[in-house]
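Just so we're clear, the structure is a prediction, and the values are computed from it rather than from any experiment.
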Amino acid sequence: MKIYFSFFFCFLGTITLSQNIAIENPRTMNIIYPWRNELTVVVENIPCSQLHLKTDNGNIDGGNCNYSMIPESIGRANIFIYQINGRDTILLGEKKFRVKRFPLSKPYLGIKNSGLISLSYLKAQLGVMVRIDNFDIDAKVKVTGFRITIIRNDEILEQFQNNGAKFNDAVRKKWMRLKSKDRILIDRVFVRSPGVKESFEVENSEFIIE
C-alpha cells in the first residue's frame with residue numbers, strides 16, 4: 001500500500017511507519033504557522049471517502065482527499081493518516097513535519113522599515129504596511145492595528161493606538177509636533193490573514209526624523 005501526499009502550500013515530510021509511503025512535494029518547504037496549509041492525500045486502493053487525518057499540532061479539516069491544516073505552535077507536527085471502514089479504524093501512516101513562522105516583514109512606511117525618515121516623507125504616507133519576505137506564494141496580510149510612540153531626548157513624548165492600517169486623523173495631527181531627531185517607534189503591530197482566526201504580532205520598526 002502506498003500513500004501519496006501532494007502539498008500545494010508548504011510541506012516537507014519524512015517517512016515514519018512504512019517504506020511504501022511516498023511523498024510528492026512540489027515545494028520543498030515546511031508547514032507555516034499560523035497559516036492555513038492546503039494538502040491533498042491519496043492512498044492507493046483506498047477510496048477518498050474512507051480517509052481521515054489527525055494531527056498533534058493544530059487542526060485538520062476537509063475530506064474527499066482534500067484537507068487543510070492550521071498549526072497552533074512553532075516546532076514539530078505529526079500527521080496521522082487513517083482508514084475508516086465501517087467500525088474499523090486503521091492507522092495507515094504517520095508523517096513528521098517542521099512548523100515555522102511565516103516570513104513577515106517589519107512594519108513599512110512606504111519603502112522604509114527603519115532608520116532616518118524625513119518629515120515630509122512621513123506626512124505623505126497613508127499608513128503602515130506589512131510585507132511577505134522571500135516567499136513564493138500569493139498571500140496577503142491585513143494590518144488590524146498598531147501602537148505609535150514618539151520619543152524625544154530619550155523620553156516618551158506621546159503614545160497612542162491606531163486601529164487598522166491607515167493613519168487616522170488624530171495620528172496625522174501628531175506629525176505636526178515632530179522635530180528633528182525625534183524617534184518614532186511602531187510596535188504592537190497585529191495582522192490577520194484569510195483562514196486564520198486570530199491576529200498575530202510582527203516585529204517592531206523605529207524611525208528617526210531627519
Side-chain angles (χ1 to χ4, degrees), residues 8-12 26-38 58 68-75 98-210:
F8 297 119
F9 204 73
C10 44
F11 282 77
L12 174 63
R27 287 192 176 98
T28 55
M29 307 196 71
N30 306 280
I31 296 176
I32 302 300
Y33 169 89
W35 242 249
R36 179 177 293 275
N37 297 261
E38 304 296 336
S68 62
M69 173 184 174
I70 300 178
E72 64 182 10
S73 63
I74 297 169
R98 294 192 296 270
V99 182
K100 293 189 174 182
R101 183 178 295 277
F102 201 85
L104 293 172
S105 71
K106 292 182 176 181
Y108 271 82
L109 296 178
I111 61 172
K112 297 177 177 288
N113 67 1
S114 61
L116 294 174
I117 188 172
S118 69
L119 186 54
S120 60
Y121 186 88
L122 174 62
K123 291 179 178 179
Q125 304 311 309
L126 297 178
V128 167
M129 297 183 297
V130 173
R131 301 175 179 176
I132 299 172
D133 287 339
N134 303 318
F135 209 62
D136 62 340
I137 63 168
D138 182 17
K140 296 180 179 180
V141 294
K142 178 182 179 181
V143 176
T144 60
F146 52 90
R147 184 176 68 174
I148 296 177
T149 304
I150 299 176
I151 303 169
R152 181 176 295 168
N153 298 324
D154 294 327
E155 294 184 0
I156 295 178
L157 183 65
E158 290 193 69
Q159 190 173 71
F160 41 89
Q161 187 72 25
N162 191 102
N163 293 322
K166 292 184 177 181
F167 294 133
N168 58 46
D169 292 338
V171 170
R172 292 184 175 279
K173 291 179 181 179
K174 305 292 185 182
W175 300 156
M176 306 303 295
R177 300 185 57 187
L178 292 174
K179 297 180 180 180
S180 177
K181 297 183 180 179
D182 283 350
R183 290 156 51 203
I184 300 174
L185 174 66
I186 301 178
D187 66 353
R188 296 189 181 178
V189 183
F190 288 88
V191 299
R192 289 284 301 273
S193 169
V196 180
K197 294 182 179 180
E198 298 182 357
S199 299
F200 54 100
E201 191 173 1
V202 301
E203 293 184 50
N204 307 335
S205 288
E206 186 171 339
F207 301 87
I208 301 174
I209 302 299
E210 293 180 328

Original post:
R188: what forms a salt bridge (charged side-chain N to carboxylate O under 4.0 Å, His left out) with it, not counting sequence neighbours?
Top reply: none
**OP:** Kindly compute the distance separating CD1 (I111) from CG (L109), expressed to the nearest 0.5 Å.
**Re:** 11.0 Å
Original post:
Hey, does V143 have a side-chain heavy atom less than 4.5 Å from the side chain of F190?
Top reply: no
Original post:
In Å and rounded to the nearest 0.5 Å, what is the CG to CZ distance from N162 to F167?
Top reply: 7.0 Å
Subject >> Reported CD1-to-CZ distance for the pair I150 and F207, which is rounded to 0.5 angstrom >> reply: 13.0 Å
**OP:** Sequence neighbours left out, what pairs pass side chain to side chain donor-acceptor pair (under 3.5 Å) with at least one residue falling in residues 200-210?
**Re:** R183-E206
Original post:
Counting N and O atoms only, with roles assigned by atom type, does the side chain of N168 sit under 3.5 Å from a partner on the main chain of A170, one being a donor and the other an acceptor?
Top reply: yes
Subject >> Atom pair CD1 (I32) and CD1 (I74), whose distance is rounded to the nearest 0.5 Å >> reply: 9.5 Å
Subject >> Contacts of type salt bridge (charged side-chain N to carboxylate O under 4.0 Å, His left out), residue R172, not counting sequence neighbours >> reply: none
Original post:
Would one find more than 12 heavy atoms of other residues, nucleotides or ligands at under 6.0 Å from atom NZ of K123?
Top reply: yes
**OP:** Search all heavy atoms of V99 against all heavy atoms of S73 and return the closest pair with its distance.
**Re:** CG1-O, 3.2 Å
Subject >> From CD1 (I184) to CH2 (W175), nearest 0.5 Å >> reply: 4.5 Å
Subject >> From CD (Q159) to CG (L185), nearest 0.5 Å >> reply: 8.0 Å
Original post:
For Y108 and V128, what are the C-alpha separation, side-chain angles and deciding distance, and is it a side chain to side chain contact (heavy atoms under 4.5 Å, CB included)?
Top reply: CA-CA 6 Å; Y108 271 82; V128 167; over 6 Å; no
